[in-house]
Amino acid sequence: MTRANSQDRDLRERAAAVIPGGMYGHQSTRLLPDDYPQFFSRAKGARLWDADGNEMLDFMCAYGPNLMGYADDAIDAAYIDRMRQGDTMTGPTGLIVELAERFTAMVTHADWAIFCKNGGDATQMALMIARAHTGRKTVILAKGAYHGAAPWCATRPVGVIREDKAHQLFCDYNDIASLEAAVAAAGDDLAAIFAAPMKHDAFTDQALPDPAYARRARELCDAAGALLLVDDVRAGLRIARDCSWSVVGVQPDLSSWGKCFANGHPISALLGSNTAKRAAAQIFTTGSFWYQAAPMAAALTTLDRVRNTDYLEHIEGLGTRLRDGLAERAAASGLGLRQTGPVTMPLFLFDDDPDLRKGFFWSSEMLRRGVYVHPWHNMFLCAAMTTADIDQALDAAEASLKALKGQVGSLGPVAKMSFLTA
Ligand SMILES: *Cc1c(COP(=O)(O)O)cnc(C)c1O
């Protein structure tokens, strides 16, 4: 079983000449197994085709944006319909008001919405609003939590100066003592606590929020007059039809949304409570494409689906089937496999696998069997998946575990991952 890859190889060669690094950011396959495709040609429902026409059941869902299924007919029809009537214009359409009404009706803490393009736009606005609201500088973040690629939150130091990250303090996720210590260190300068809805950092086991940690973050913000942000750009709508910390009973002042709420069409949002409304109206924030009407039409159709269907219970059921079935097969194989995070956003890591040689081998075996999994980033389920898809993934997993079991003693180090053990 060899996968065709001549188109992909050709595109990579050409990309190396005209695209820095051949590809950038999370869409680069630089840190994926060598046989993973870099280029894709088509997607429908839960499936994806690479540039060479190989079909895959896709557990990455575009790193989140695919919530209801790729190329969803009704959502895309709403988009195309609106696009044909005018998309980017001299001002917004009434859809922006309708979408703000819909979103604030859905999310308990929210009284207002600002729409933008990327999750990073929303988290950066949250930072500005917190500083405008408090007149203070310091923000507390959880170590390793992702909030975007702007200099203030970039995860790689190249091209970033210390001043870009000034006035930031760090705590450990779910560690109340470290959060309290950071608040104490902020003294009378605390503007905000930025919270990840769960620990969903790369290369490491995920963790659900400890309700006591979430409650303490709320109390500390209230005591200091600081704002609490929950960054729901990744987890939003896969944990709740509300802000993800609603499941632990905590309401933030601000929440950032993106990736999936227009099912892949380009729009993100910052939502806020009335506490932060004055500051939100005072900062200068905008973008050339922030008022695009077509993604708003797609968002309204997606949010209809969120409100009116059991999409969430459906992906929770499928996620549980996947988790239980995989646990059973991993146990039978004798290979230790850790499955962490909510079942709708799973991450798989093998025990005793510091440089991911087992994870890389197993993921490549899955790909050979037509299932795209990620060896070190959390994955995503989408509502277009079916029980049969999960069973296909479980069959592939069983065969791939068997292949790994046979090879586990002779696997060499994965050179590109050596930074993990350096
Ligand atoms: C992806 C992500 C962002 C940034 O969103 P972009 O659309 O890539 O700018 C921010 N926060 C979290 C938690 C994310 O997963």
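All ligand and atom numbering here is 1-based and tracks the order in the structure. Along the sequence shown, residues are numbered consecutively beginning with 1.
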Ligand-residue contact atoms, ligand 1 with His147, heavy atoms, under 4.0 Å: 10 (C), 11 (N)
Per-atom contacts, ligand 1 versus Gly120 - under 4.0 Å to a heavy atom: 4 (C), 5 (O), 6 (P), 9 (O)
If we only count N/O pairs under 3.5 Å, is [X] in contact with ligand 1?
| X | result |
| --- | --- |
| Lys259 | yes |
| Arg234 | yes |
| Gly119 | yes |

side-chain hydrogen bond (donor to acceptor under 3.5 Å, both in side chains) against Asn174, all qualifying residues, sequence neighbours excluded: none
Selection from Val230, Asp121, Val233, Asn378 by shortest heavy-atom distance to atom 3 (C) of ligand 1: Val233
Side-chain donor-acceptor contact under 3.5 Å, Asp232 with Ser244: yes
Asn54 versus Asp50, side-chain donor and acceptor atoms under 3.5 Å: yes
Phe115 ring center near Tyr291 ring center (under 6.0 Å): no
Trace of the side chain to side chain donor-acceptor pair (under 3.5 Å) decision for Tyr70 with Asn263: CA-CA 8 Å; Tyr70 286 119; Asn263 204 46; over 6 Å; no
Region of Asn118 that comes within reach of ligand 1 [heavy atoms, distance under 4.0 Å]: both
Flag, side chain of Asp164 to backbone of Pro151, donor-acceptor distance under 3.5 Å: no
